[in-house]
Structure formats: structure tokens, C-alpha cells
Amino acid sequence: MSSYTVLNPATEQPVTTVPGTSAEETDAAIERARSAQRSWRAVAPGDRARLLRAFAAAVDAAGEELAQLEVANSGHPVSAARWEAGQLRDVIAYYAAAPERLTGKQIPVAGGLDVTFNEPLGVVGLIVPWNFPMPILSWGLAPALAAGNAVIAKPAELTPLTAIRVGQLALEAGLPEGVFQVLPGKGSVVGQRLVDHPGVRKIVFTGSTQVGKQVMTGCAQQVKRLTLELGGKSANIVFADSDLERAAATAPYAVFDNAGQDCCARSRILVEKSAFERFMELLEPAVKGVRVGDPASPDTEMGPLISAGHRAHVASYVPEGSPVAFAGHQQAGPGYWYPPTVLAPVSFTDRAYREEIFGPVVTVTPFSDEAQAVELANDTPYGLSGSIWTRDLGRAIRVSRGVEAGNLSVNSHSSVRYWTPFGGFKQSGLGRELGPDALDAFTEVKNVFMASD
Ligand code: NAP
Ligand code: MG
């Protein structure tokens, strides 16, 4: 087993060394998972629920340790990292109620009794990106385990530390060996093997649209079940009748949270022409007020980007001569820092306007009326999230029905609430995670007819 060094993106210093799992080791883990799953699915629903509650309690007890690991490994501000550890705990606790409620149907038919069962799929492979290691792990892990599947998680190469610790916590909480395994390593090795191995029955992939398409092609060979959570280029639509002060004060956080490394980032602000100038006046102090700096400080709102390579990629969207309207704080010293940056005016053909940047760069564009706002919002291959700011209820309804995206918010920027379904339209993904129906994605419906005579 080869190993590699994980860096702290705020300091560029090594954090620790992590083993990189090989293809052979991945195959062995899949065999262990297959055998563990046969026992796990037979664990009585009440006992499975009790073990998941114990797992949530173990995550809760380790919350601060997990948050500090994420600060060191991902450079997330500590306040955000604490929320992420809390989300992991809450998602496990929410789906801990599911094993005891996984009811099928009794369907009236002639000549007997007809019932449906929600059977587990078997071994589920979770391929996780580096931007939100704990929340995204939890969204697949908790419902998959609740439904009686075994899980193998492949964290992103850059950010494996919290996932590795969560794997240990599962064992400490009493989950049987092999039911949940974490395999750090390369996507091209471990991730690819999970996709190609016939012993894995489902892949949950969160990451770039480009790699997601390869994963989909791989899964097609075995008609393997697949959930995809991919990229985004979401719009924040601000109408002139809205509370402009609030819209402008909150807009930076809707795109610069997690340094813009958020699939739901509202990275295209669209503002009604008559309010454009006023909005820009209000936006400037809000952007300059974003507290960028040491992730360990409780006041910090934005940390560094994840890696030197990613910073170079983000910077490529703001070449010399770019129309930078204004920018926020540029942190000096080591670390992969990039300041909050506002581009305006930009043309509709500009790369910065069209492509997912996944960094703290936002464009602001005027629109003339409601119809054009919807047209611009939909003029993208993506469809993940978006916000609509207006005081006109009818308009809020019309625009939220018109925008082709999976997660919209009116007069707010919320998007991921674990009680509600989450996922993308168009090239932002396939399927839905979270919410009351998440177990559908981790079960097969089996229909059984029993003759009465
Ligand atoms: P990525 O490069 O696509 O990687 C995602 C995961 O896939 C990583 O674990 C990666 O491993 C693995 N991988 C790479 N090649 C693979 C292969 N051939 N087979 C199987 N797995 C492979 O994405 P990223 O750069 O980490 O994350 C950023 C992207 O994620 C953005 O586009 C963002 O929008 C998207 N995202 C979407 C959502 C959503 O819910 N819709 C949420 C968060 C992020 P390595 O680490 O070894 O490369
Ligand atoms: Mg990548």
C-alpha cells in the first residue's frame, strides 16, 4: 500500500500521511462488504435502528474532534466545520428512524395477497468530493445503512481525514465489521474499481459533471444503480421590488461560503435593470465585509481554496484586464487564498459567466423583465439551485416554477435541509438525496403474490 501526505490548505504544511488503497485492496474490501451485508440485512429493524442511534451519538461525542480535523484538512472556518459535523450527526439520527418505518404496500388483487418489500441493494459505493467531506458522506451513508446495505466510501484524495475517523466511530458504536468501510485513495483506482466491480450494486457519486459522465458510462455496463450530484451555475435573481438591502447583504454568503467551493453557489447574480446601480452600491461593502482569514478563528467566514492547483484554476477565470468591479480581502502569506471577487459587466459568452468556477468569483448582470430573468437563469446546462428575491408573491410563484433547478429559495439562500429532497435538473445530476424518500434510492421494490387457494 502506498501512502501520501495530506496538506493544510491554510498553511501548506503537512497534516498527516494517509494510505492509498490499491485496486486489489478495493476488491478485498468489496468481498468483505458483500459478506457483512448478508448479516446486516438480517439484523432486526429495531436493532439496526438502535445501532444507527449509537453511531449518531458517537459522532456527536466526537463533534469537536471532527470539526478540528476538517479545519486542518480542508481549511473550513471552524464555525462551518462545527455545523458540518452536526449535519453528519443529524443525518444519521434522522435515518436511524427509517429501518422501523420501511413499510411496503398491500395491494388488493384477486385470488390472494399481494405485498411489496423494499429490499436492500447490497453493497453501495459512495464517491465523495473534497468540498463538503462530512455532509456529503452522510447523505449517502445514513439512508444506505438504514435500508440494510453495506457501504464503501471513497473520500476525495485531498480530504480523507474526517471520513477515516467516521469509519472508526461506526465500529466503536457497534456497527459490525465490514458494514461501513472507508477506502482513501485515488479516484482513478478506488473509485473506478467501485464503478467496475459487479459486486457493487449502486454508486452514489458527487463531484464534477465531467467525471460524473464517466461514472455513468461505467455503471451502464452493468445497469448499475446510480445517483449523481454534479456541478452548478446557479442564479440569484434580484427584482427591483425586493428588500434590496437584505438581498445585497446576503448575496456574498450565497456564493463565497466555503470560498465558493459549493455546488449550490449562486455564482450568477441577475439584477433587474432599474435596481442595478443601487444593488451594486449595497453589494460593495457587503463583499468587502466578508471576514477572510485564519480558519481556526471563530469569527472567520471564508478560508482558503483547497489546493494550489484549484487556485490556479479559479484564477484562470480572472485574467489580466478582467472587469473586476470590486474585490474583498486578499489574505497574505502561505495558503491557497483567493479574494472574494465581483465581475461586472460581463458578456454572456464570457467563460466566467458560463462555466462553474467553484471559487469566490461572482458575475453580476442586469435583466429587463421577469421573462428575461427566467430565460437567463435557464441558459446553462446546469440546474441545481437558485434564489429569487421579490416581495410580489405571484412573481415568486411564477419564477420558482419557471426556473429549471432542483432547489430554489425565495427571499433566502437556503438549499440543503436534510428533511427535504436535494438534487439537480439537467447536467447537475440524476436522482435525489435526503428527505423522507431517500430510502427509495437504496432499495429495490419486490412484489410478491401469495395465492389464497
Ligand atoms: P471530481 O474531480 O469529479 O471528484 C469527485 C470524486 O470522484 C473524488 O473522490 C475523485 O477522486 C473521484 N474520482 C475521480 N476520478 C474518478 C473515476 N475515474 N472514477 C470514479 N471516481 C473518480 O470533483 P471534485 O473536484 O472533487 O469536486 C468538485 C465538483 O463537485 C464540482 O463540480 C461541484 O459542483 C461538484 N459537487 C456537486 C454537489 C452536488 O450535490 N450536486 C456537491 C458537492 C460538489 P480523487 O479525489 O482521487 O480525484
Ligand atoms: Mg477533481
Side-chain angles (χ1 to χ4, degrees), residues 2 4 6 18 20-23 26 73-74 84 87 125-140 152-161 163 182-197 200 203-219 221 224 226-234 255 257-267 305-307 309-311 313-314 355-359 380-386 405-407 415-418 421-434 438 441:
S2 61
Y4 66 96
V6 168
V18 169
T21 312
S22 68
T26 305
N73 190 173
S74 303
E84 292 161 18
Q87 162 108 158
L126 304 182
I127 302 175
V128 179
W130 47 256
N131 64 330
F132 287 111
M134 283 189 277
I136 293 173
L137 172 71
S138 73
W139 305 346
I152 297 178
K154 205 300 274 181
E157 211 181 334
L158 295 172
T159 58
L161 300 188
V182 178
L183 306 184
K186 286 192 183 305
S188 56
V189 178
V190 184
Q192 193 66 48
R193 200 61 200 131
L194 293 173
V195 170
D196 292 339
H197 196 299
V200 176
I203 294 288
V204 178
F205 173 87
T206 303
S208 60
T209 296
Q210 187 196 349
V211 178
K213 287 175 184 175
Q214 288 174 34
V215 167
M216 193 172 185
T217 304
C219 286
Q221 305 313 309
K224 189 172 289 193
L226 177 64
T227 298
L228 293 174
E229 297 286 2
L230 308 174
K233 189 72 180 174
S234 298
V255 56
D257 258 2
N258 205 25
Q261 304 166 123
D262 182 339
C263 52
C264 290
R266 275 68 163 174
S267 54
L305 293 170
I306 191 68
S307 65
H310 188 56
R311 180 173 60 183
H313 172 74
V314 170
E355 297 176 16
E356 181 181 51
I357 300 174
F358 223 56
T380 166
Y382 297 114
L384 192 54
S385 72
N407 305 85
S415 49
V416 182
R417 295 164 181 267
Y418 62 82
F422 176 73
F425 280 31
K426 302 194 281 186
Q427 293 190 31
S428 284
L430 188 69
R432 290 293 178 273
E433 300 193 274
L434 298 173

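Order of listing sets the numbers, starting from 1, for every ligand and every atom in it. Side-chain atoms are counted along with the backbone in the values below, which use heavy atoms only and exclude waters and symmetry mates. We number each residue from 1, following the sequence as shown. The structure displayed is predicted, hence computed values, not measured ones.
Look at Phe132 and you'll find every heavy atom at least 4.0 Å from all atoms of ligand 1.
Residue Asn131 has at least one heavy-atom neighbour below 4.0 Å for each of these atoms of ligand 1: 43 (C), 44 (C). Ligand-side atoms of ligand 1 in range of Val128: 6 (C), 8 (C), 9 (O), range being under 4.0 angstrom from any heavy atom. Atoms of ligand 1 found under 4.0 Å from any heavy atom of Phe205, numbered from 1 in the order shown, are 3 (O), 5 (C), 6 (C), 7 (O). Heavy-atom proximity to Phe422, at under 4.0 Å, picks out these atoms of ligand 1: 40 (O). Taking every heavy atom of Ile127 and a limit of under 4.0 angstrom, the matching atoms of ligand 1 come to 6 (C), 7 (O), 9 (O), 12 (C), 20 (C), 21 (N). Close approach to Lys186 involves these atoms of ligand 1, each under 4.0 Å from a residue heavy atom: 47 (O). Interface atoms of ligand 1 facing Gln214, defined by a heavy-atom separation under 4.0 Å, are 18 (N). Every atom of ligand 1 with a heavy atom of Ile136 under 4.0 Å away is listed here by number and element: 42 (C), 43 (C).
The closest heavy-atom contact to atom 45 (P) of ligand 1, among the options Arg193, Gln192, Lys154, comes from Lys154. Within the set Thr206, Leu384, Val211, the minimum heavy-atom distance to atom 5 (C) of ligand 1 is found for Thr206. Nearest to atom 38 (C) of ligand 1 by heavy atom, out of Cys263, Pro135, Gly191, Gly185, is Cys263. Of the candidates Pro133, Gly212, Gly187, it is Gly187 that places a heavy atom closest to atom 48 (O) of ligand 1.
Of the candidates Pro160, Pro133, Pro155, Asn73 forms a side chain to side chain contact (heavy atoms under 4.5 Å, CB included) with just one, namely Pro160.
Gln261 places a side-chain N or O within donor-acceptor distance of the main-chain N or O of Ile306, the cut-off being under 3.5 Å.
Residue contacts with ligand 1, taken as heavy atom pairs separated by less than 4.0 Å, involve Glu356 solely via side-chain atoms from C-beta onward.
Distance check: Ile203 CD1 to Met216 CE gives 13.5 Å after rounding to the nearest 0.5 Å. Taking CD of Glu433 as the start and OG1 of Thr227 as the end, the distance is 6.0 Å to the nearest 0.5 Å. A distance of 9.5 Å separates CG in Leu126 from CD1 in Ile152, rounded to the nearest 0.5 Å. We find the OH-CG distance between Tyr4 and Leu158 to be 7.5 Å, quoted to the nearest 0.5 Å.
Every residue meeting the salt bridge (Lys or Arg N to Asp or Glu O under 4.0 Å) condition with Glu157, not counting sequence neighbours, appears here in chain and number order: Lys186. Partners of Arg193 according to the salt bridge (Lys or Arg N to Asp or Glu O under 4.0 Å) rule, which considers only residues two or more places apart in sequence or in another chain, are Asp27.
Taking only nitrogen or oxygen atoms, main chain and side chain alike, Trp139 does not reach within less than 3.5 Å of ligand 1. Here's the thing with Trp130: one of its N/O atoms is less than 3.5 angstrom from an N/O atom of ligand 1.
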